[in-house]
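See below for the structure under consideration.
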Amino acid sequence: MKQIYLDHNATTKMEQSAANTLLFSIYGNPSSIHWAGRKAKAVVEDAREQIASAFGIEDPEDICFTASATEATNTALKGLFFQAQKEGQRLHLITSTVEHEATLETAKFLAELGASVQFLPVNPQGELDLMAYESALKTFSKERVLVSLMAANNETGVVFPWEKCALMAREHGAFFHLDAVQAPGKLPNFSLQNAPVDMASFSAHKIGGMKGVGALSIRRGLKLVSLLHGGAQERKRRAGTMNVPGILSFGEATKALSQRDLNAVARLRDAMEERVKKAISGVEVHGQDVNRIVNTSNMLFEGVRGEGLVMALDLAGFAVSSGSACNSGSILPSHVLLAMGRDKSAAQSALRVSLGPENTIEEVQSFVEALTEIIKKLRK
Ligand code: PLP
């Protein structure tokens, strides 16, 4: 049986050039002063420069490598909370109801520690309520305010107007953190150069790099309390010996991003949705009429449960997801779809297909055929 991977928002296959970096005989500790250490440091700094240029980060030194985007987001939110506390201020955090768990769970934790937290609503298409955002910014302008929003939603692909939101935060004297994980390689012209973003989280494994590597860009001069204490790595922002091979793979993966044809992926996704709608009745595509990243489709099939669908598709060789990857294997309704006003049953029934640059129209066609057969059986 042919196996077809359609779950690129969960993770991606490593780019060949990124995988090749793992074979390099760079084994020194970048903190060591001898030749082996200097070699390792040099390649890490090259990767840092490459990543900064790919994401539009002004100064490569703004990048702090982490073990994941989850760690990057924890560093941004908790780091600013503890910094404010040190300076005798309370943190007010503004975020949205549809963020990734890395943000939501950190926000809830900080609320337990005394931060005030506000979750902004979205409309039925998954778009951010900008009026609620503006009024939140006005309400708390005298406190230390941090806004944390995602560039694009991992479940639906719906894009937030993050550049505008960052500008609004700056105008109201608030700090702005962007969860940029799903943007590179999927959102045309993505670059931090376009907006006053104070911090941004990235993940290597979502773009063809190794798992277990992330980055937080931190605008120069912004003070954060470090989560990890120990050595002076990463300019004292994150103690611990760095994942050198992972960082090299991250740098290589960003090089490949510029060669991606985003329009081709968008055409493939649109063709898939069109064929699905033609072949199957009672289909709804979440966020179809609003700005979405090019590769993501979140579909609901009347009378069919997402879990059963994912399992049946798996048996037929297709790797897809029900709701977010982190919910896979559990029957929790998607918090994103609940926030978009869907009921519990609908929020448990969605199917997420996320395409990658290597998928073909033939693969999409065989997926649509398998899906049509499976839905027929499940509806019986
Ligand atoms: N933010 C978003 C939007 C994500 O999609 C993910 C992963 O799915 C993360 C954060 C967490 O990334 P990582 O796997 O690097 O911790």
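What you are looking at is a predicted structure, and each value in this text was computed from that prediction instead of being measured. For ligands, and for the atoms within them, numbers begin at 1 and follow the listed sequence. For this chain, numbers begin at 1 and follow the sequence in order.
Using a 4.5 Å heavy-atom cutoff, the side chains of Leu268 and Ile361 are in contact.
Contacts between Asp179 and ligand 1, counted as non-hydrogen atom pairs separated by less than 4.0 Å, involve the side chain only. Within the 4.0 Å heavy-atom criterion, neither part of Glu99 lies near ligand 1.
Less than 4.0 angstrom separates some heavy atom of Ser203 from each of these atoms of ligand 1: 13 (P), 15 (O). Close contacts between ligand 1 and Met150 involve ligand atoms 3 (C) [criterion: under 4.0 Å to a heavy atom]. Residue contact check: Gln182 has heavy atoms under 4.0 Å from atoms 3 (C), 4 (C), 5 (O) of ligand 1. Near Ser68, meaning under 4.0 Å from any of its heavy atoms, are these atoms of ligand 1: 15 (O), 16 (O).
Ring orientation note: the planes of Phe55 and Phe202 are close to parallel, at an angle under 30° on the 30°/60° scale.
The nearest non-hydrogen atom to atom 12 (O) of ligand 1, considering only Ala69, Ala215, Ala151, comes from Ala69.
At least one heavy atom of Lys206 sits less than 4.0 Å from an atom of ligand 1. The shortest heavy-atom distance from His205 to ligand 1 is under 4.0 Å.
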Can Glu99 and His335 be said to form a side chain to side chain contact (heavy atoms under 4.5 Å, CB included), step by step? CA-CA 9 Å; Glu99 297 299 310; His335 69 278; 5.8 Å; no

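For Glu127, there are no salt bridge (charged side-chain N to carboxylate O under 4.0 Å, His left out) partners two or more places apart in sequence or in a different chain.
Between Val304 and Ser349, the closest heavy-atom pair is O-CB, 3.4 Å.
With 3.5 Å as the limit, one finds a donor-acceptor pair spanning the side chains of Thr73 and Ser201.
Ionic pairing of Lys13 and Glu358 is not present here: no N-O contact between side-chain nitrogen and carboxylate oxygen is shorter than 4.0 angstrom.
Residue Ala102 places no N or O, backbone or side chain, under 3.5 Å from any N or O of ligand 1.
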